[in-house]
Q: 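One structure is given below, represented as structure tokens, and several questions about it will come after.
Remember, it's a predicted structure, so these values are computed and weren't measured experimentally. Throughout, a chain's letter reflects where its sequence line sits, starting with A, and its residues are numbered from 1.
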Number of protein chains: 2
Amino acid sequence: MSRSHSSEALDAAERLCQERGERLTPIRKRVLELVLGWDGPVKAYDLLDALNPESGTAKPPTVYRALDFLMGLGLVHKVEALNAFVGCTHSHDEGGAELYICNNCGSVRERHGAAVSHNAPEGFKIERSVIEHFGHCGNCNP
Amino acid sequence: MSRSHSSEALDAAERLCQERGERLTPIRKRVLELVLGWDGPVKAYDLLDALNPESGTAKPPTVYRALDFLMGLGLVHKVEALNAFVGCTHSHDEGGAELYICNNCGSVRERHGAAVSHNAPEGFKIERSVIEHFGHCGNCNP
DNA sequence: TCCGATACGTTATTTAGTAACACTGGCGAC
DNA sequence: GTCGCCAGTGTTACTAAATAACGTATCGGA
């Protein structure tokens with residue numbers, strides 16, 4: 001993931017926060033940078049380890065609070081099946097992302113909107129969907 | 001969930017094991033009973049607590065091994081977003097289940113086959129999909 | 001009878017996540 | 001200005017989730 005790509009996303013994050021009257025504090029920004037710059041999904045405790053050489057005192061709540069905030073803005077998604085997090089560089093139009101995760105190289109592709117199945121049980125009202133596909137991406141696929 | 005429903009599923013499990021040359025040992029059977037009889041998704045450590053008044057010595061690996069076994073047979077599914085498990089009373093034709101979980105009453109409905117999106121990235125080969133919908137079921141929905 | 005495989009027991013540790021409370025600094029009301 | 005609120009962060013401590021590693025038992029076949 002290129003640095004410019006990451007910084008574009010950071011700019012977008014700044015704008016989004018302004019729109020919503022939220023504050024992209026240094027910690028939140030740093031966590032977002034780390035997640036965006038990470039190669040594949042990143043674990044919360046790996047973020048913690050990455051944070052600590054810098055700030056020295058980060059503890060679990062620090063990183064989880066930042067991640068919660070970023071997820072609230074749709075800037076970061078949690079990969080539930082991995083207990084890990086990925087940065088979202090796409091449109092932040094809510095509605096939940098559909099993730100394609102390569103088991104080999106760890107790359108994550110994201111799709112939006114899309115493919116909500118039409119076979120929900122009678123009367124079921126969907127509020128949040130977790131859709132994660134694991135397999136092999138085009139590069140890792142013979 | 002009715003007891004007869006549960007025991008049907010147990011019978012099906014026995015048959016399935018015979019077909020595959022696997023052994024539905026007492027522990028595995030008991031865990032399956034518990035999962036099937038539970039009201040909604042069940043946590044591994046709740047199973048452990050349920051197991052212990054009976055056998056007295058169950059520890060985490062015991063229940064996780066049983067769950068792994070049962071998942072391998074498609075008799076139990078993991079709800080990744082909850083770190084919990086649900087029994088599967090349907091056809092065990094693999095291919096991954098699509099879960100509808102009510103946030104209010106905790107009921108879980110399951111759909112099979114279905115709804116694989118057609119917007120996978122170019123060349124991506126899906127091997128396993130996690131699809132979990134959260135919301136309100138027909139009963140809990142005004 | 002011995003061997004190997006499978007399941008289970010046991011100890012310990014790692015990884016994930018949260019509760020609860022204290023502190024600080026900015027900002028508006030008065 | 002200063003008082004009081006509040007969002008954000010620091011800190012301690014804990015609960016929950018999962019697995020590693022190794023020992024033991026049991027059973028069926030060579």
Side-chain angles (χ1 to χ4, degrees), chain A residues 13-14 16-18 20-35 38 40-73 75-86 130 132, chain B residues 13-14 16-18 20-35 38 40-73 75-86 130 132:
Chain A
E14 303 261 22
L16 187 65
C17 283
Q18 289 216 338
R20 307 213 183 173
E22 301 279 7
R23 295 166 49 196
L24 191 62
T25 62
I27 294 180
R28 292 167 174 177
K29 187 171 180 178
R30 188 70 192 107
V31 168
L32 180 55
E33 280 174 5
L34 284 168
V35 174
W38 212 272
V42 53
K43 304 277 197 161
Y45 278 67
D46 289 338
L47 284 175
L48 202 49
D49 291 341
L51 232 37
N52 269 339
E54 309 171 352
S55 65
T57 60
K59 284 163 191 66
T62 304
V63 63
Y64 280 107
R65 284 194 281 231
L67 287 170
D68 283 346
F69 173 83
L70 296 168
M71 284 192 289
L73 260 54
L75 296 167
V76 164
H77 299 298
K78 181 170 185 185
V79 185
E80 297 286 354
L82 298 179
N83 294 328
F85 302 84
V86 293
V130 173
E132 298 167 0
Chain B
E14 302 262 22
L16 187 64
C17 283
Q18 289 217 336
R20 306 213 184 173
E22 301 279 7
R23 295 164 50 194
L24 191 62
T25 63
I27 293 180
R28 290 168 175 176
K29 187 172 179 177
R30 187 70 191 108
V31 169
L32 180 56
E33 280 174 7
L34 284 168
V35 174
W38 212 271
V42 53
K43 304 278 197 161
Y45 278 68
D46 289 339
L47 285 174
L48 203 50
D49 291 341
L51 230 39
N52 269 339
E54 310 171 351
S55 67
T57 59
K59 285 165 190 66
T62 303
V63 64
Y64 280 107
R65 285 194 279 233
L67 288 170
D68 283 345
F69 173 83
L70 295 167
M71 284 192 289
L73 261 53
L75 296 167
V76 165
H77 299 298
K78 180 170 186 184
V79 186
E80 297 286 354
L82 298 179
N83 292 329
F85 301 85
V86 293
V130 173
E132 299 168 1

Q: Would you state whether a donor and an acceptor, one from the side chain of A:Arg65 and one from the base of C:dG17, lie under 3.5 Å apart?
A: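 Such a pair does not exist between side chain and base.
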Q: Rounding to a whole Å, what distance do you find between A:Asp46:CG and C:dA16:C1'?
A: 12 Å
Q: Between C:dA7, D:dT9, C:dT18, which nucleotide has the shortest distance from any of its atoms to the side chain of A:Pro60?
A: C:dT18
Q: Compare the minimum distances between each of D:dA18, D:dG8, D:dT11 and the side chain of A:Thr57, then state the nucleotide with the smallest one.
A: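 In terms of side-chain proximity for A:Thr57, the closest of D:dA18, D:dG8, D:dT11 is D:dT11.
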Q: Grab the CG-C1' distance between A:Asp68 and C:dA19 for me, whole Å please.
A: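 From A:Asp68 CG to C:dA19 C1': 14 Å.
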Q: In whole angstrom, what separates B:Leu51's CG from C:dT10's P?
A: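 Rounding to the nearest Å, CG of B:Leu51 and P of C:dT10 are 13 Å apart.
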Q: Between A:Asn83 and A:Lys78, is the side chain to side chain contact (heavy atoms under 4.5 Å, CB included) condition met? List the steps.
A: CA-CA 7 Å; A:Asn83 294 328; A:Lys78 181 170 185 185; 4.1 Å; yes
Q: Please give me the minimum heavy-atom distance between A:Val86 and A:Pro41, naming the atom from each residue.
A: CG1-CA, 3.7 Å
Q: Can you tell me if the side-chain N/O atoms of A:Asn83 get under 4.0 Å from OP1 or OP2 in C:dT15?
A: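 It does not, given that no N or O in the side chain of A:Asn83 lies less than 4.0 Å from OP1 or OP2 of C:dT15.
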Q: Roughly, in whole Å, what's the span from CZ in B:Arg30 to C1' in C:dC8?
A: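 Those two atoms, CZ and C1', are 18 Å apart.
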Q: For C:dA7, does either OP1 or OP2 sit under 4.0 Å from a side-chain N or O belonging to B:Arg28?
A: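 Checking B:Arg28 against C:dA7: at least one side-chain N or O falls below 4.0 Å of OP1 or OP2.
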Q: Does D:dA18 have its OP1 or OP2 closer than 4.0 Å to a side-chain nitrogen or oxygen of B:Tyr64?
A: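 So the side-chain polar atoms of B:Tyr64 do come within 4.0 Å of the phosphate oxygens OP1 or OP2 of D:dA18, strictly under.
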Q: Without decimals, in angstroms, what is the distance between A:Ile27 CD1 and D:dA7 C1'?
A: 13 Å
Q: If the cut-off is 4.0 Å, is A:Lys78 near the phosphate of C:dG17, judged by side-chain N/O to OP1 or OP2?
A: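 Answer yes for this pair, as a side-chain N or O of A:Lys78 is under 4.0 Å from OP1 or OP2.
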Q: Counting only side-chain N and O atoms of B:Lys43, is one of them less than 4.0 Å from OP1 or OP2 of D:dA16?
A: no
Q: Can you tell me which nucleotide in D:dG8, D:dT19, D:dA18 comes closest to the side chain of B:Tyr45?
A: D:dA18
Q: Taking CD from A:Glu80 and P from D:dA18, how many angstroms apart are they, rounded to a whole number?
A: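 Taking atom P of D:dA18 as the reference, CD of A:Glu80 is at 12 Å.
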Q: Work out which heavy atom in A:Glu14 is nearest to a heavy atom in A:Lys29; give both atom names and the distance.
A: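 Looking at all heavy atoms of both residues, the closest pair is OE2-NZ, 3.1 Å.
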Q: As a test of reading the structure: which of D:dA18, C:dG17, C:dA7 is closest to the side chain of B:Glu22, going by heavy atoms?
A: C:dA7
Q: Return the CG to CD distance between A:Leu47 and A:Glu33, rounded to the nearest 0.5 Å.
A: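 A:Leu47 CG to A:Glu33 CD: 12.0 Å, rounded to 0.5 Å.
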Q: Picking from C:dG17, C:dT11, C:dA19, which would you name as closest to the side chain of A:Pro61?
A: C:dA19
Q: Would you kindly give the CZ-to-P distance between A:Arg23 and C:dG26, to the nearest whole Å?
A: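 In whole Å, C:dG26 P lies 9 Å from A:Arg23 CZ.
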Q: What heavy-atom pair brings B:Phe69 and B:Leu24 nearest, and what distance separates the two atoms?
A: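 Taking every non-hydrogen atom into account, CE2-CD1, 4.3 Å.
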Q: Rounded to whole Å, please give me the gap between CG in A:Leu82 and P in C:dG17.
A: 11 Å
